[in-house]
Amino acid sequence: VDLSVSWLGVNMENPLYNASGVMCRSREELDAVAASAAGALITKSCTLLPREGNPEPRYAKAPHGSINSMGLPNAGYQYYLDYAKAYDHQGGKPLFVSVSGMSLEDNLEMLAAFRDADLPCLVELNLSCPNLPGKPQIGYDFEASSHVLSEVVKVYHKPFGVKLPPYFDPVHFAEMASVLNSFPSLKYVTCINSVGNGLVIDLDSESVVIKPKGGLGGIGGDYVLPTALANVREFYRLLDDKHVIGCGGVKSGREAFMHILAGATAVQVGTCLYEEGAACFARIRDELAALMQEKGYATLADFRGKLKTM
Ligand SMILES: CC(C)(C)CCc1c(C(=O)O)[nH]c(=O)[nH]c1=O
């Protein structure tokens, strides 16, 4: 079976890579993903200046996944720009850079810097980045999303992507798809970011399990798979001429297969990578290949987007 996928000028030997935020904050972590069986790698969302992030514990494993309120700890955009400048784009795996500025101005400054560096890597704007005080995250404010993207495309002229939070209402799917469809240079979306502001309680201690935000944090893992698949499917259906990257609940070849069946071009691994380490990529890759073999599919295109309805 052939697990390769070529899209937006990048060639991946297999469709699996890390979810932004997991094993991608330092060059050592990024090199570990690149050295693994992953087909690509993406950096931790960066801000203009380095950030410590929230007090620990800020990540916790939960019975069926994970919860995190990391608070955007990162080395600052220059660090990732330097990594991208030194990166072997020809011989290496595709490198994606995630950007999540604390303000539109910060995002525009970072995007201008990546533009001027003229690197082969693709830039992904995290729309879970903070909005004005008293407003929801950008991705949940359709007018703000439209404004941000309008300003972004004035500065950044190359193809780019956005990381989307999960949506839960058909009207929201339609509204966000309508916003995204008005930007032709926006060539892909990654669905989904963690399911926001969940609460994991430890019964023995009768306590929250992470320190920031009174214990509230983004949920990942098994808990989010159905929501992730629905977001992949809906945006695959509603977007014109854009790729959808699946993220959420992938821990074996089975969930990777489901994401591709729902329409995903490639698939990211977050919680499972955090818990298992980079060996998960070879395991999931081999499980996906075995599943394809069993079902008689030779390539990813043989089943991509071919989810049956009743
Ligand atoms: C939640 C934000 C801190 C605004 C963005 C960074 C981020 C974080 C984080 O750094 O806390 N965690 C996630 O699961 N998704 C994210 O997009």
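All ligand and atom numbering here is 1-based and tracks the order in the structure. Residue numbers run from 1 in the order of the sequence given. Please read these numbers as outputs of a predicted model, since none were measured by experiment.
For the residue pair Asn54 / Tyr59, no side-chain donor-acceptor distance below 3.5 Å is found, with atom types taken as modelled. Inspection of the Glu175 and Ser178 side chains reveals no N or O donor paired with an N or O acceptor under 3.5 Å.
With Val99 as reference, Phe114 is the one residue of Tyr156, Tyr77, Phe114 to meet the side chain to side chain contact (heavy atoms under 4.5 Å, CB included) rule.
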Exercise. Could you walk me through whether Thr190 and Glu124 pass the side-chain hydrogen bond (donor to acceptor under 3.5 Å, both in side chains) check?
Worked result: CA-CA 9 Å; Thr190 301; Glu124 178 173 299; 3.1 Å; yes
When you pair each N or O of ligand 1 with protein N or O atoms, which pairs come out under 3.5 Å?
residue, atom, partner, partner atom, Å
ligand 1, 10 (O), Lys44, NZ, 2.8
ligand 1, 10 (O), Leu72, N, 2.8
ligand 1, 11 (O), Asn68, OD1, 3.4
ligand 1, 11 (O), Met70, N, 3.0
ligand 1, 11 (O), Gly71, N, 2.9
ligand 1, 12 (N), Asn68, OD1, 2.9
ligand 1, 14 (O), Asn68, ND2, 2.8
ligand 1, 14 (O), Ser194, OG, 2.8
ligand 1, 15 (N), Asn193, OD1, 2.8
ligand 1, 17 (O), Asn126, ND2, 2.9
ligand 1, 17 (O), Asn193, ND2, 2.8

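Annotation for Lys213: atom NZ counts as buried by contact number, over 12 foreign heavy atoms lying within 6.0 Å.
Shortest non-hydrogen contact noted between Met102 and Pro130 is CE-CG, 3.8 Å.
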